[in-house]
Amino acid sequence: MLNDTITHAERELYLTLLELAQQQPSAYEWLTRLPTWLNAIKDKANYAHAPAYQASVARLPKLTVNHVDLNSDTLTIDASLNQSQRKQTTALLKQLMPWRKGPFQIGNDESAIKIDTEWHSDWKWQRVAPHLGRLDGRRVLDVGGGSGYHGWRMAGAGADAIIIIDPSCLFYHQFMAIRHFVGSADAHETGRYRTHYIPVPLEALPEHSQLFDTVFSMGVLYHRQSPFEHLQQLRGQLVKGGELVLETLVIEGDANTVLVPHDRYAQMNNVYFLPSVAALIGWLEKVGFSDVRCVDVAVTSVEEQRQTEWMTYHSLADFLDPNDSTKTIEGYPAPMRATLIAKK
């Protein structure tokens with residue numbers, strides 16, 4: 001028997017936007033575009049694997065869930081699985097590989113399914129969370145949210161509504177797979193879900209919506225050919241006085257230092273600009289942000305990003321100089337990430 005997880009989640013998203021539009025008319029433009037956004041991600045002409053991903057989510061079994069912990073480092077769904085359910089669920093979730101952002105656990109004992117993702121996204125959350133303004137009761141936009149791990153953590157921190165955006169068909173269905181087991185654990189007292197996913201890039205959103213109290217952009221800026229345009233688009237989604245949380249690759253240097261990789265950076269061919277922290281502060285101020293501060297700088301380790309059973313392709317260790325781990329295989333400085341917080 002197939003489940004209706006995706007249909008129900010999309011209905012919850014529609015109703016959330018409808019309620020929001022009654023308070024903030026700019027949300028009506030989101031409602032107008034929503035059918036196109038949701039139909040496009042299921043279109044085999046756009047995404048060859050879309051039907052297979054949908055089928056994997058739809059075939060996930062219904063489990064008796066005792067508790068969902070959105071505040072644990074491993075997002076944990078405490079459920080009882082018999083041997084048949086465990087085998088079926090594991091096989092279906094592995095059809096949604098590679099799992100890059102997590103970790104997740106489904107089950108409550110030694111037989112629990114542990115999705116050990118490529119990234120320890122919990123480590124990033126531990127670095128970011130202490131510096132955030134309160135999320136309680138706030139509307140949040142998570143740009144480039146991947147499988148949705150950080151979005152769930154934002155729900156655990158009390159956010160009133162979270163909209164995750166990411167154009168990846170795979171990540172959208174990974175989110176829906178976790179949603180299937182989370183169920184209504186993140187819901188308001190009214191029963192309305194708080195955590196939602198729209199499978200589009202930031203530039204597809206209506207400009208200057210000014211709908212969100214907090215906007216996250218983590219691991220996105222260096223993929224943008226026009227970083228200033230990205231920062232302006234982020235600003236346009238924030239209410240006046242809202243908070244931006246920006247995490248991106250940086251390099252050492254002064255306010256005039258920016259690395260533009262000639263070809264690839266850590267084997268990625270879509271990395272364009274790596275500024276110094278000082279340069280990045282200047283960029284944010286130039287587009288109109290204030291109270292800009294850097295709250296964390298961390299070199300990415302091979303323990304934080306690595307190959308696992310759930311992500312079997314090459315990972316960070318393969319992208320560093322085998323004789324000098326402080327450099328990428330191309331000879332650039334190894335990945336270092338900074339988190340900056342700013343106000344609109």
Side-chain angles (χ1 to χ4, degrees), residues 70-73 101 119-146 148-159 162 164-165 202 212-224 227-228 230-259 271 273-301 303-305 316 333-344:
L70 300 177
N71 286 311
S72 62
D73 290 340
K101 303 296 176 66
W119 281 88
H120 260 295
S121 303
D122 50 318
W123 293 11
K124 181 180 293 187
W125 187 251
Q126 290 167 11
R127 293 194 295 265
V128 171
H131 306 287
L132 299 176
R134 291 178 62 84
L135 293 180
D136 303 50
R138 293 169 74 90
R139 287 194 299 272
V140 179
L141 178 66
D142 183 15
V143 177
Y149 173 85
H150 289 122
W152 294 118
R153 296 302 302 269
M154 294 165 199
I162 306 100
I164 303 158
I165 63 168
L202 176 63
F212 300 95
D213 304 295
T214 305
V215 170
F216 288 81
S217 172
M218 299 193 291
V220 179
L221 184 66
Y222 50 87
H223 291 310
R224 310 313 302 159
F228 282 94
H230 182 74
L231 296 176
Q232 289 166 340
Q233 290 166 342
L234 294 171
R235 190 173 183 274
Q237 298 302 326
L238 279 166
V239 300
K240 185 177 180 180
E243 183 172 81
L244 172 69
V245 182
L246 179 70
E247 189 259 16
T248 190
L249 290 172
V250 296
I251 60 170
E252 299 283 357
D254 62 19
N256 298 309
T257 304
V258 181
L259 170 64
V271 173
F273 296 92
L274 280 70
S276 66
V277 169
L280 186 54
I281 289 173
W283 292 3
L284 286 163
E285 292 175 341
K286 190 175 182 67
V287 300
F289 285 100
S290 61
D291 299 331
V292 183
R293 66 191 194 279
C294 178
V295 298
D296 183 80
V297 178
V299 174
T300 305
S301 70
E303 290 77 33
E304 183 172 0
Q305 182 189 8
L316 180 59
M336 179 171 66
R337 294 171 178 269
T339 302
L340 283 77
I341 294 179
K343 288 290 196 306
K344 179 178 177 179

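All heavy atoms count here, side chains included; hydrogens, waters and symmetry mates do not.
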[X] to [Y] - nearest heavy-atom pair and separation:
| X | Y | answer |
| --- | --- | --- |
| Val297 | Ala338 | CG2-CB, 4.0 Å |
| Ser276 | Gly253 | CB-O, 3.5 Å |
| Leu316 | Ser301 | CD2-O, 3.5 Å |
| Pro333 | Leu259 | CD-CD2, 4.4 Å |
| Gly148 | Ile164 | CA-CD1, 3.8 Å |
| Asn71 | Ala157 | OD1-N, 3.9 Å |

Legend entry - Heavy atoms of other groups near Gln126 CD, more than 12 under 6.0 Å: yes
Once you round to the nearest 0.5 Å, how far does [atom1] of [X] lie from [atom2] of [Y]?
| X | Y | atom1 | atom2 | answer |
| --- | --- | --- | --- | --- |
| Leu284 | Leu231 | CG | CG | 5.5 Å |
| Leu280 | Ile251 | CG | CD1 | 11.5 Å |
| Asp122 | Ser72 | CG | OG | 9.0 Å |
| Leu238 | Leu141 | CG | CG | 8.5 Å |
| Phe228 | Gln233 | CZ | CD | 13.5 Å |
| His120 | Glu303 | NE2 | CD | 9.0 Å |

Legend entry - Audit row: Asp142, Trp152, side chain to side chain contact (heavy atoms under 4.5 Å, CB included) steps and yes/no: CA-CA 10 Å; Asp142 183 15; Trp152 294 118; over 6 Å; no
Inset, instruction - Answer with yes or no whether the side chains of His230 and Ser217 bring together a donor and an acceptor at under 3.5 Å. - result: yes
If we only count heavy atoms from C-beta on, is the [X] to [Y] side-chain gap below 4.5 Å?
| X | Y | result |
| --- | --- | --- |
| Phe216 | Ile162 | no |
| Leu340 | Thr248 | no |
| Leu244 | Phe212 | no |
| Gln305 | Trp123 | no |
| Gln237 | Val143 | no |

Legend entry - Pairs satisfying salt bridge (Lys or Arg N to Asp or Glu O under 4.0 Å), at least one member in residues 288-299, at least two apart: Arg127-Asp296
Inset, instruction - Please work out whether the ring planes of Trp283 and Phe273 are parallel, tilted or perpendicular, with thresholds of 30° and 60°. - result: perpendicular
Legend entry - Pair Met218-Val128, side chain to side chain contact (heavy atoms under 4.5 Å, CB included): steps then yes or no: CA-CA 10 Å; Met218 299 193 291; Val128 171; 4.2 Å; yes
Legend entry - Arg337: side-chain contact (heavy atoms from CB on, under 4.5 Å) partners, not counting sequence neighbours: Trp119, Lys124, Tyr222, Glu247, Leu249, Thr300
Inset, instruction - Please check if the side chain of Lys344 supplies one atom and the backbone of Arg235 the other of a donor-acceptor pair under 3.5 Å. - result: yes
Inset, instruction - Would you check if the side chain of Glu243 reaches a backbone N or O of Gly133 as a donor-acceptor pair within less than 3.5 Å? - result: yes
Inset, instruction - Dump the intermediate steps for side chain to side chain contact (heavy atoms under 4.5 Å, CB included) on Leu135 and Asp213, then the final yes or no. - result: CA-CA 9 Å; Leu135 293 180; Asp213 304 295; over 6 Å; no
Legend entry - Carboxylate-amine/guanidinium proximity below 4.0 Å for Asp73 and Arg153: yes
